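What you see is a predicted model; the values in this text were computed from it and never measured.
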Amino acid sequence: MYYGEIKNCDIANGEGVRVSLFVSGCTHHCKDCFNPQTWSFTYGQPYTEETEAELLRLLAPDYVNGITLLGGEPMEPDNQRALMPLLQKIRAQYPEKTIWCFTGYTLDLDLWHPDGSIPESRAYCEVTDEMLSLIDVLIDGEFVAELKNISLRFRGSENQRIIDMHKTREAGEVVLWGSKNDDVNRVMKMKEQPKAER
């Protein structure tokens, strides 16, 4: 796996102060993608044991809430395999830190079925279930330029969801994270209403 950038004090891609890892490689190729250089699986520099050690070091301070995985596409199968050891170490070393992950795949179509069946998706591989079990919050869905909304928290278009993975696993269905302003269905309904009724 390659990566494009590490941010050690990121407040834009998740709750609190975070370490953000921008992995390389993405097959979605969304229109108006803000990071198209990361579509290449060899963009940036190789992800090595030294990279992993640096990420773990950056997570150590108390003021850092956790790590966010972005891209590129963290849920490309090769990227999942490379990221798994890091997530396992974070869980062991920093159990209080949160793990957020952005993906253009849709959780309940491409990555996880609550009935236990295997998704028929190029993203699903032998480590997907474990990787999802280590993630606290998943932002899913491709960026859709026509649904771009700069007022949304932690995402770029109105089809994308912020998913509470703990509650989702417990409920056996997608449970959204955050406030009512993070509810995709509510936002879409609001767009259809006159401003006076909102």
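Cluster membership for Phe41 and Met75, using ILVMFWY side-chain heavy atoms within less than 4.5 angstrom, is not shared. With hydrophobic clusters built from ILVMFWY side chains whose heavy atoms lie under 4.5 angstrom apart, Ile99 shares a cluster with Leu107. There is a path of hydrophobic side-chain contacts, each under 4.5 Å, that joins Leu132 to Ile90. Under a hydrophobic-cluster definition in which Ile, Leu, Val, Met, Phe, Trp and Tyr are linked whenever side-chain heavy atoms come within less than 4.5 Å, directly or via other members, Leu58 and Tyr63 are assigned to the same cluster. Hydrophobic cluster membership differs between Phe102 and Tyr2, with clusters built from Ile, Leu, Val, Met, Phe, Trp and Tyr side chains linked at under 4.5 angstrom.
Environment of CD in Glu49: sparse, with no more than 12 heavy atoms of neighbouring residues, nucleotides or ligands closer than 6.0 Å. The environment of Asp115 atom CG is dense: over 12 non-hydrogen atoms of other residues, nucleotides or ligands sit within 6.0 angstrom. Surrounding CG of Leu109 are more than 12 heavy atoms belonging to other residues, nucleotides or ligands, all under 6.0 Å away. Within a 6.0 Å sphere centred on CD of Glu126, heavy atoms belonging to other residues, nucleotides or ligands number more than 12.
Here Thr103 contributes atom OG1 and Glu73 contributes atom CD; the two are 3.5 Å apart, rounded to the nearest 0.5 Å. Rounding to the nearest 0.5 Å gives a distance of 4.5 Å between SG of Cys101 and CE of Met131. For the atom pair CG of Asp140 and CD1 of Ile163, the computed distance is 3.5 Å after rounding to the nearest 0.5 Å. Between the OG1 atom in Thr51 and the CG atom in Leu86 there is a gap of 10.0 Å [rounded to 0.5 Å]. Put simply, CG on Asp164 and CG on Leu138 are 11.0 Å apart, with the number rounded to the nearest 0.5 Å. Taking CD of Glu50 as the reference point, atom CD of Gln45 lies at 11.5 Å (rounded to 0.5 Å).
Tyr3 has its side chain out of reach of Leu55: every pair of non-hydrogen atoms, C-beta onward, lies at least 4.5 Å apart. Residues Lys97 and Ile67 fail the side-chain proximity criterion, which asks for heavy atoms closer than 4.5 Å. Under the 4.5 Å side-chain criterion, counting only non-hydrogen atoms from C-beta, Ile6 is in contact with Val19. By the 4.5 Å heavy-atom criterion applied to side chains, Arg18 and Thr98 are counted as neighbours. Under the 4.5 Å side-chain criterion, counting only non-hydrogen atoms from C-beta, Trp112 is not in contact with Met165. Between Tyr94 and Leu56 the shortest side-chain heavy-atom distance falls below 4.5 Å.
Of all heavy-atom pairs spanning Asn79 and Pro74, the tightest one is CB-O, 3.4 Å. When all heavy atoms are compared, the tightest approach of Ser20 to Leu70 is CB-CD1, 3.7 Å. Between Met1 and Leu83, the closest heavy-atom pair is CE-CD2, 3.8 Å. Nearest heavy atoms, Ser24 versus Ser40: CB-O, 3.4 Å.
Inspection of the Asn13 and Thr68 side chains reveals no N or O donor paired with an N or O acceptor under 3.5 Å. A side-chain N or O of Asp129 and one of Tyr124 form a donor-acceptor pair less than 3.5 Å apart. Between the side chains of Thr168 and Glu173, no donor-acceptor pair of N or O atoms lies under 3.5 Å. Side-chain contact of Gln160 with Glu142: a donor-acceptor pair under 3.5 Å is absent, judged by distance alone.
Remark: Trp100 engages Phe154, Trp177 in a ring pair (Phe, Tyr, Trp, His ring centres under 6.0 Å) (not counting sequence neighbours). For Glu15, the salt bridge (Lys or Arg N to Asp or Glu O under 4.0 Å) criterion is met by no residue, not counting sequence neighbours. Residues forming a side chain to side chain contact (heavy atoms under 4.5 Å, CB included) with Val127 (at least two apart in sequence, or on another chain): Gln80, Arg81, Met84, Cys125. Scanning for salt bridge (Lys or Arg N to Asp or Glu O under 4.0 Å) contacts around Asp136 gives Arg91, with sequence neighbours left out. Looking at residues two or more places apart in sequence or on another chain, you find a salt bridge (Lys or Arg N to Asp or Glu O under 4.0 Å) between Glu54 and Arg57. A search for side chain to side chain contact (heavy atoms under 4.5 Å, CB included) contacts involving Thr38 returns Asn35, Tyr43, not counting sequence neighbours.
In terms of modelled atom types and a separation under 3.5 Å, the side chain of Ser157 and the main chain of Leu147 share no donor-acceptor contact.
Ring centroids of His28 and Phe143 are separated by 6.0 Å or more, keeping the two rings apart.
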Passes side chain to side chain contact (heavy atoms under 4.5 Å, CB included), His166 versus Val137? Steps please. CA-CA 8 Å; His166 295 288; Val137 176; over 6 Å; no

Test side chain to side chain contact (heavy atoms under 4.5 Å, CB included) on Val23 and Leu21 and set out the steps. CA-CA 6 Å; Val23 304; Leu21 171 64; 4.0 Å; yes

Go through it in stages, so that I can follow the logic: the residues are Glu158 and Lys148, the test is salt bridge (Lys or Arg N to Asp or Glu O under 4.0 Å), and I'd like the CA-CA distance, side-chain angles, deciding distance and then a yes or no. CA-CA 6 Å; Glu158 292 168 349; Lys148 181 178 179 180; over 6 Å; no

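The pair Arg161-Asp108 meets the salt-bridge criterion, since a charged nitrogen lies less than 4.0 angstrom from a carboxylate oxygen.
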